[in-house]
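For reference, the structure discussed in these notes is given below.
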Amino acid sequence: GSITKQFTSAAVMKLVEQGRVKLDDDLSKYVPQFPLQGKKVSIRQLLNHTSGIHSYTSSQAWQKTWNEDLSPDAIIKFVAADTFDFAPGTAYRYNNTGYVLLGMVIEKASGQKYANYLDAQFFKPLGMRQTSYCPSKTSDPTFALGYSKGPSSAVRAQFLHLSHPFSAGALCSTVGDLVKWQGAPDGGNVVSIASYTPMSTADPLNNGRKINYGFGLVPGM
């Protein structure tokens, strides 16, 4: 689910360390097809949900397409014509579109598919053998089934093709693998300590006011 976002932010920071991405780069450098309506949106603003771009998961048109296999380009088109929620950097609003765009940035900058990049950079080196991009349909009994609250009992959740959440929420894992992951960043085994610091630190808006979010992580008290 949305724990995927911390993997996505770590992948972006890995690319920053490799000199392939800068936090102040404009989105248009990597995803020129997304209309910014004369605004500038930085990679940093996508990471901390301050871009102002509308979230596609709030789109009624998107909710009618859950069965379809959609590309990231098709996903971002649901909000491409929408007015920004606010000027970039002036407010915070949790945003799934921003993290889909970051997945597209990762693919452009790395030259690899999102799933392949994370597998090579994180899953294999950390021994996370039960973590991957989720299959949309599987007969593998080790995968948990989703349920929703029905009128009188739990019912199977509505099907959602896993191309939709993409880099905002399509990873699958286990408790054991997540324990490996959670212990790795503090020791500099995912990204450097210098890169992990902004991921785990409350970031400021343009006016200097701190928000309770870093890059894919909510800072602890």
Side-chain angles (χ1 to χ4, degrees), residues 1-10 46-86 91-104 113-115 118-119 122-123 128-183 200 211-221:
S2 279
I3 292 175
T4 297
K5 290 182 174 67
Q6 61 187 262
F7 289 88
T8 297
S9 70
L46 295 173
L47 286 165
N48 64 18
H49 298 294
T50 64
S51 71
I53 293 171
H54 197 58
S55 185
Y56 73 92
T57 48
S58 299
S59 166
Q60 292 184 346
W62 166 72
Q63 293 170 9
K64 299 175 183 178
T65 66
W66 282 18
N67 286 319
E68 300 176 26
D69 183 353
L70 298 181
S71 68
D73 271 314
I75 292 293
I76 62 175
K77 280 184 180 178
F78 286 113
V79 298
D82 289 359
T83 302
F84 275 48
D85 293 341
F86 46 81
Y92 165 90
R93 184 171 294 170
Y94 193 86
N95 182 330
N96 285 302
T97 306
Y99 268 75
V100 168
L101 288 164
L102 287 170
M104 298 170 76
K113 290 293 187 181
Y114 171 78
L118 265 63
D119 188 56
F122 303 140
F123 305 155
M128 298 173 65
R129 295 182 178 85
Q130 293 179 303
T131 303
S132 66
Y133 195 101
C134 299
S136 290
K137 294 182 180 180
T138 179
S139 58
D140 187 340
T142 63
F143 281 84
L145 301 176
Y147 289 86
S148 298
K149 185 177 181 180
S152 59
S153 62
V155 297
R156 284 293 306 277
Q158 182 181 349
F159 175 76
L160 171 67
H161 197 283
L162 271 299
S163 61
H164 291 228
F166 186 45
S167 47
L171 295 185
C172 283
S173 191
T174 61
V175 172
D177 269 10
L178 287 177
V179 168
K180 293 178 182 178
W181 171 256
Q182 294 300 332
S200 55
I211 58 175
N212 190 35
Y213 201 85
F215 299 165
L217 293 167
V218 176
M221 298 300 291

CZ-OG distance between F84 and S51, expressed to the nearest 0.5 angstrom: 6.5 Å
Atom of P165, atom of Y56 and distance for their closest heavy-atom approach: CA-OH, 3.4 Å
Aromatic plane relationship, F7 with F123 - under 30° parallel, 30 to 60° tilted, over 60° perpendicular: perpendicular
For Y114, the option from D119, T8, T4 that meets side-chain hydrogen bond (donor to acceptor under 3.5 Å, both in side chains): T8
With sequence neighbours excluded, residues passing salt bridge (charged side-chain N to carboxylate O under 4.0 Å, His left out) with R129: none
CD1 (I3) with more than 12 external heavy atoms under 6.0 Å: no
Sub-6.0 Å ring centroid separation between H54 and F78: no
Shortest non-hydrogen contact from Y213 toward Y99: OH-OH, 4.1 Å
Spacing of CG belonging to L118 relative to OG belonging to S167, to within rounding of 0.5 Å: 9.0 Å
Qualifying salt bridge (charged side-chain N to carboxylate O under 4.0 Å, His left out) pairs, either residue in residues 56-84, two or more places apart: none
Side chain to side chain contact (heavy atoms under 4.5 Å, CB included) between Q6 and Q182, intermediate numbers included: CA-CA 10 Å; Q6 61 187 262; Q182 294 300 332; 3.1 Å; yes
Gap separating the OG atom of S71 from the CE atom of M104, nearest 0.5 angstrom: 7.5 Å
Taking every non-hydrogen atom, the tightest pair across T50 and F86: O-CE1, 3.5 Å
Criterion side-chain hydrogen bond (donor to acceptor under 3.5 Å, both in side chains) against T57, the qualifying member of T97, N95, N96: N96
Nearest-0.5 Å distance that lies between atom NE2 in H49 and atom OH in Y92: 5.0 Å
Distance in Å, W66 CH2 paired with H161 NE2, rounded so as to fall on 0.5 Å steps: 14.0 Å
S55 side chain vs S58 backbone, donor-acceptor pair below 3.5 Å: no
Heavy-atom closest contact (L162 atom, A170 atom, distance): O-CB, 3.5 Å
Closest heavy-atom pair and its distance - G214, P219: N-CD, 4.0 Å
Residue pair I53, L46: steps toward the side chain to side chain contact (heavy atoms under 4.5 Å, CB included) verdict: CA-CA 9 Å; I53 293 171; L46 295 173; 4.1 Å; yes
Shortest non-hydrogen contact between P72 and F166, atoms and distance: CG-CE2, 3.7 Å
With F122 via ring-ring contact (aromatic ring centres under 6.0 Å, His included) - residues at least two apart: W181
CG on L101 to CG on L47, rounded to 0.5 Å: 11.5 Å
Non-hydrogen side-chain atoms of L102 and K5 separated by less than 4.5 Å: no
Side-chain H-bond candidate by donor/acceptor type, Q158 with Q63, under 3.5 Å: no
